[in-house]
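The next block holds one structure in the form of structure tokens; read it before the comments.
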Amino acid sequence: SVTVFIFEYQFEKHENHPLFFRLKYDIIKQIMIGVNIMTEWIIPCNPNYYKVDDAFSALKKLDWKQTSPKMQVGDIVYIYISKPIMAIRYKCKVNKVNLDKIEIDDSKFVINGDSYETYPVHMELEVLEKYDNELTMEILSNNGVKGRIQCPRRVNPELKKYIHQL
């Protein structure tokens with residue numbers, strides 16, 4: 001790309017300068033975003049707070065709390081439902097990030113929305129696939145997931161391989 005060439009040419013004589021390395025890193029990062037290299041995430045959902053099954057049955061897209069600023073448009077998000085289900089139930093695609101207000105009204109599915117409604121940043125998720133019991137906590141544990149899923153985490157390579165074989 002022309003941008004890459006210009007930056008590399010301008011800083012070629014200063015390769016040992018920290019700014020040179022930072023610029024190269026930022027340029028590579030922008031190229032990767034442009035190519036849309038996605039990250040796969042697991043995020044938790046507590047069925048005592050939100051009727052996620054009913055919500056995805058009625059709406060194919062939902063606004064969800066964006067608890068990680070690293071989530072990007074095009075990323076894949078697997079929604080893990082906590083007790084009593086204890087399994088990944090949904091595969092979703094991130095359509096929008098960093099929404100400062102909720103755009104999709106799903107309030108009738110909220111059981112306890114204290115933290116949800118006042119959360120400062122949301123993302124739009126579009127459901128791609130629903131799982132039944134293919135991705136239980138036992139299967140997740142057998143494929144490298146450690147501990148309980150209580151916050152967003154990247155999908156590890158072992159689990160990614162397992163999911164992609166389903």
Side-chain angles (χ1 to χ4, degrees), residues 25-26 28-30 32-166:
Y25 169 79
D26 287 343
I28 291 167
K29 185 176 174 185
Q30 288 303 314
M32 290 171 63
I33 290 169
V35 178
N36 196 17
I37 296 176
M38 68 175 182
T39 302
E40 294 185 24
W41 301 87
I42 301 173
I43 59 173
C45 177
N46 186 333
N48 295 320
Y49 292 93
Y50 188 72
K51 299 177 192 174
V52 68
D53 289 325
D54 294 342
F56 273 132
S57 291
L59 307 165
K60 297 305 174 202
K61 296 179 184 177
L62 298 174
D63 287 337
W64 203 276
K65 291 189 326 186
Q66 184 181 332
T67 51
S68 172
K70 295 180 181 179
M71 292 181 177
Q72 300 291 322
V73 171
D75 283 357
I76 296 297
V77 172
Y78 296 96
I79 299 177
Y80 172 84
I81 313 295
S82 60
K83 286 185 180 182
I85 309 261
M86 297 181 66
I88 288 177
R89 179 64 56 90
Y90 295 98
K91 176 182 180 179
C92 302
K93 179 177 74 170
V94 178
N95 289 335
K96 298 178 185 178
V97 293
N98 303 321
L99 300 173
D100 55 1
K101 62 181 179 176
I102 296 170
E103 297 177 349
I104 299 170
D105 181 15
D106 63 344
S107 56
K108 67 181 181 180
F109 306 108
V110 177
I111 299 167
N112 180 348
D114 294 341
S115 68
Y116 175 74
E117 293 166 357
T118 59
Y119 203 81
V121 183
H122 290 82
M123 61 184 165
E124 179 186 283
L125 298 180
E126 178 180 358
V127 69
L128 299 176
E129 195 169 342
K130 181 179 180 186
Y131 302 105
D132 291 316
N133 292 315
E134 298 93 347
L135 295 168
T136 63
M137 191 64 217
E138 181 180 351
I139 291 169
L140 299 179
S141 296
N142 291 339
N143 285 280
V145 174
K146 304 208 183 325
R148 292 188 236 169
I149 298 170
Q150 297 179 325
C151 60
R153 60 170 76 183
R154 287 183 171 89
V155 176
N156 68 55
E158 187 179 348
L159 180 59
K160 187 182 290 189
K161 182 179 176 183
Y162 181 84
I163 291 173
H164 290 222
Q165 290 175 352
L166 292 178

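For the single chain, residues carry numbers from 1 onward in sequence order. Values below: all heavy atoms of this structure, side chains included; hydrogens, waters and symmetry mates excluded.
In this structure, Lys51 places its NZ atom where only 12 or fewer heavy-atom neighbours from other residues, nucleotides or ligands lie under 6.0 Å away. In Tyr49, the OH atom is not crowded: 12 or fewer heavy atoms of neighbouring residues, nucleotides or ligands sit closer than 6.0 Å. Heavy atoms from other residues, nucleotides or ligands lying under 6.0 Å from CD of Glu134 number more than 12.
Test Thr39, Ile43, Val121 against Met71 for side chain to side chain contact (heavy atoms under 4.5 Å, CB included) and you get one pass: Ile43.
For Lys130, there are no salt bridge (charged side-chain N to carboxylate O under 4.0 Å, His left out) partners at least two apart in sequence or on another chain.
Counting heavy atoms from C-beta outward, Tyr131 and Leu166 have side chains that approach closer than 4.5 Å. Between Trp41 and Arg154 the shortest side-chain heavy-atom distance falls below 4.5 Å. Within the 4.5 Å cutoff, the side chain of Leu140 has heavy atoms near those of the Ile149 side chain. A heavy-atom distance below 4.5 Å is found between the side chains of Arg153 and Val145. Side-chain atoms of Pro44 and Cys151, non-hydrogen and from C-beta on, never get closer than 4.5 Å to each other.
Within the model, atoms NZ of Lys93 and CG of Leu128 stand 6.5 Å from one another, a figure rounded to the nearest 0.5 Å. Remark: Leu135 CG to Ile85 CD1 distance equals 13.0 Å, nearest 0.5 Å. Residue Lys83 holds its NZ atom at 11.0 Å from CG of Asn46, rounded to the nearest 0.5 Å. Taking NZ of Lys96 as the reference point, atom CD of Glu124 lies at 5.0 Å (rounded to 0.5 Å). Distance check, rounded to the nearest 0.5 Å: CD1 of Ile163 to CD1 of Ile88 gives 4.5 Å. Glu103 contributes atom CD, which lies 10.5 Å from atom NZ of Lys61 (distance to the nearest 0.5 angstrom).
Between Met86 and Tyr80, the shortest heavy-atom contact is CA-OH, 3.3 Å. Closest heavy-atom contact between Ala87 and Thr136: CB-CA, 3.7 Å. When all heavy atoms of Arg89 and Asp53 are compared, the pair lying nearest together is NH1-OD2, 3.1 Å.
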Verify side-chain contact (heavy atoms from CB on, under 4.5 Å) between Ile42 and Leu159, making sure each step is shown before the conclusion.
-> CA-CA 11 Å; Ile42 301 173; Leu159 180 59; 3.6 Å; yes
Walk me through it: do Leu125 and Val94 pass the test side-chain contact (heavy atoms from CB on, under 4.5 Å)?
-> CA-CA 5 Å; Leu125 298 180; Val94 178; 3.8 Å; yes
Starting from the C-alpha separation in whole Å, work towards a yes-or-no answer on side-chain contact (heavy atoms from CB on, under 4.5 Å) for Cys92 and Ile79.
-> CA-CA 8 Å; Cys92 302; Ile79 299 177; 3.9 Å; yes
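In this structure, the side chain of Asp63 does not engage the main chain of Ile102 through any donor-acceptor pair within 3.5 Å. Of the possible donor and acceptor atoms, none in the side chain of Asn143 sits under 3.5 Å from a partner among the backbone N and O of Tyr162. Panel note: side chain Gln66, backbone Asn98; a donor-acceptor pair is recorded below 3.5 Å.
The aromatic rings of Trp64 and Tyr50 stand perpendicular to each other, their planes meeting at an angle above 60°, with 30° marking the opposite boundary.
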